[in-house]
Number of protein chains: 2
Amino acid sequence: MTRVNELHTQWMQDLEYQAAYDKPEGGFALASALIEARASAGITQEELARRMETTQSAVARLEGGRSQPSTRTLEKIAKATGTRLKISFEPNKLLKAP
Amino acid sequence: MTRVNELHTQWMQDLEYQAAYDKPEGGFALASALIEARASAGITQEELARRMETTQSAVARLEGGRSQPSTRTLEKIAKATGTRLKISFEPNKLLKAP
DNA sequence: TGAGGTCATAGCAAAAATGTTATATAATAA
DNA sequence: TTATTATATAACATTTTTGCTATGACCTCA
């Protein structure tokens, strides 16, 4: 049992995690979505890397927001964390103020 | 006025487009999400390319599902189509059948 | 103190995405 | 028919992501 694993037990009880590449600026929202997905799976970077058939350092780079991953990579993450990848283009803010 | 533009007028009236990289297999869902986003903006591949600072052929390649775009590219598409990019890892199917 | 475990970073080579030019096809309008 | 417009494809150079091998920092626990 390790830190992330403990977080897991705690989070899985009441966490509605639906992190998204949404609000923030520089793509760091995606990074936190990755971290949450991994935490929800209760695994380490090492284990996630194993499931994605890559290395721990690659996972750290992704979570650190130091790359702009392709959908290929995002799909691997989804599979490895037991989640479903969803990418959408949603209608934007209001056009004119009332 | 061109074909897509006409589609636009038609769609914008009643289309709740929220295409997603969701159900299907080979990443073609993303492709159709792209097409819908562009159609909702009522522009041609050529115009989308101009807004993304790339070329029409690159857009065609994306919409044809012949690449796995990075979040960098997805962001460009969102900005160019006036939409908001949303990427999320959602909880998966049921674990055990009752 | 030291060992073990987790995560972050740097640097490099290989792979994939991207930008670009040049066509080709299809549909429409004149 | 011809001209024009929109989209699809191929081929290639450039850029970015990705995989990999260290290595260092930070904990916790014995």
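It should be emphasised that the depicted structure is a prediction, and the values quoted were computed from it without experimental measurement. Order of the sequence lines fixes the chain letters, A, B, ..., with proteins taken first and strands second; residue numbering starts at 1 for each chain.
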Asker: Rounding to an integer number of Å, can you tell me how far B:Gln68 CD sits from D:dT16 C1'?
Answerer: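 Rounding to the nearest Å, CD of B:Gln68 and C1' of D:dT16 are 15 Å apart.
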
Asker: Check every strand shown and say whether A:Thr54 touches a base, only sugar-phosphate, or nothing at a heavy-atom separation below 4.0 Å.
Answerer: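 It contacts sugar-phosphate atoms only.
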
Asker: Could you check B:Arg66 against B:Ala58 and say which one's nearest nucleotide on DNA chain C is further toward the 5' end?
Answerer: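 In this pair, the answer is B:Arg66.
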
Asker: Calculate the interatomic distance between B:Ile77 atom CD1 and C:dT18 atom P; express it in whole Å.
Answerer: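 Atom CD1 in B:Ile77 sits about 8 Å away from atom P in C:dT18.
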
Asker: Grab the CD1-P distance between A:Ile35 and C:dA8 for me, whole Å please.
Answerer: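 One finds 7 Å between P of C:dA8 and CD1 of A:Ile35, rounded.
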
Asker: Touch check for B:Thr73, heavy atoms < 4.0 angstrom, all strands: base, sugar-phosphate only, or nothing?
Answerer: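 Here B:Thr73 touches the backbone only, sparing every base.
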
Asker: A:Glu90 and B:Thr83: side-chain donor and acceptor closer than 3.5 Å?
Answerer: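 A:Glu90 vs B:Thr83: no donor-acceptor pair found between side chains.
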
Asker: Going by modelled atom types, is there a donor-acceptor pair between the base of C:dT18 and the side chain of B:Ser70 at under 3.5 Å?
Answerer: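 Under the 3.5 Å cut-off, the side chain and the base do not form any donor-acceptor pair.
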
Asker: Side chain of A:Pro69, heavy atoms from C-beta onward: which of D:dT18, D:dA6, C:dC7 has the nearest atom to it?
Answerer: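 Between D:dT18, D:dA6, C:dC7, the one nearest the side chain of A:Pro69 would be D:dT18.
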
Asker: List the atom of A:Thr81, the atom of A:Ala41, and the distance in Å for their closest heavy-atom pair.
Answerer: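 Nearest heavy atoms, A:Thr81 then A:Ala41: O-CB, 3.9 Å.
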
Asker: Would you kindly give the CG-to-P distance between B:Leu62 and D:dT9, to the nearest whole Å?
Answerer: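 Value for this atom pair: 13 Å.
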
Asker: Under 4.0 Å, heavy atoms only, any strand: does A:Thr55 hit a base, just the sugar-phosphate, or nothing?
Answerer: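 Result for A:Thr55 = base.
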
Asker: For A:Met52 and D:dT17, give me the distance from atom CE to atom P, rounded to whole Å.
Answerer: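 Spelled out: CE on A:Met52 to P on D:dT17 is 15 Å.
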
Asker: Would you please confirm or rule out a distance under 4.0 Å between OP1 or OP2 of C:dT21 and any side-chain N or O of B:Arg61?
Answerer: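 For C:dT21, OP1/OP2 do not have a side-chain N/O of B:Arg61 under 4.0 Å.
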
Asker: Looking at A:Lys76, I'd like to know whether one of its side-chain N or O atoms comes within less than 4.0 Å of OP1 or OP2 on D:dT17.
Answerer: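 Answer no for this pair, as no side-chain N or O of A:Lys76 is under 4.0 Å from OP1 or OP2.
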
Asker: Give, for atom OG1 of A:Thr55 and atom CZ of A:Arg61, the distance between the pair rounded to the nearest 0.5 Å.
Answerer: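 Taking OG1 in A:Thr55 and CZ in A:Arg61, the distance rounds to 7.5 Å.
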
Asker: Would you tell me if any nitrogen or oxygen in the side chain of A:Gln56 comes within less than 4.0 Å of OP1 or OP2 on C:dA8?
Answerer: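 Indeed not, no polar side-chain atom of A:Gln56 lies that close.
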
Asker: Quick one: is B:Ser67 getting a side-chain N or O under 4.0 Å of the C:dT18 phosphate, OP1 or OP2?
Answerer: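 Yes, because at least one side-chain N or O of B:Ser67 sits under 4.0 Å from OP1 or OP2 of C:dT18.
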
Asker: Give a yes/no answer on whether the side chain of A:Arg38 brings an N or O atom under 4.0 Å of OP1 or OP2 in C:dC7.
Answerer: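 Indeed, a polar side-chain atom of A:Arg38 lies that close.
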
Asker: To the nearest Å, give me how far apart CZ (A:Arg50) and C1' (C:dT6) are.
Answerer: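 For the pair A:Arg50 CZ and C:dT6 C1', the rounded distance is 17 Å.
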
Asker: Is there a donor-acceptor pair under 3.5 Å between the side chain of A:Ser32 and the backbone N or O of A:Phe28?
Answerer: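 Checked: pair present.
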
Asker: Just to confirm, is there a sub-4.0 Å distance from OP1 or OP2 of D:dT17 to any side-chain nitrogen or oxygen of B:Arg72?
Answerer: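 Yes, B:Arg72 has a side-chain N/O under 4.0 Å of OP1/OP2 on D:dT17.
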
Asker: From C:dT21, C:dT9, D:dT17, pick the nucleotide closest to the side chain of A:Ser57?
Answerer: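 Closest nucleotide to the A:Ser57 side chain: C:dT9.
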
Asker: May I have the distance from B:Glu63 (atom CD) to D:dT7 (atom P), rounded to whole angstrom?
Answerer: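 Taking atom P of D:dT7 as the reference, CD of B:Glu63 is at 8 Å.
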
Asker: Over how many whole Å does the gap from B:Leu34 atom CG to C:dT18 atom P extend?
Answerer: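 So the CG-P distance, B:Leu34 to C:dT18, works out to 11 Å.
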
Asker: Does A:Glu47 offer a backbone N or O that forms a donor-acceptor pair with the side chain of A:Thr44 under 3.5 Å?
Answerer: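 Pair found, side chain donor or acceptor close to backbone of A:Glu47.
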
Asker: May I ask you to check whether A:Gln45 and A:Gln56 show a side-chain donor-acceptor distance below 3.5 Å?
Answerer: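 Looking only at side-chain atoms, A:Gln56 and A:Gln45 do form a donor-acceptor pair, the distance falling under 3.5 Å.
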
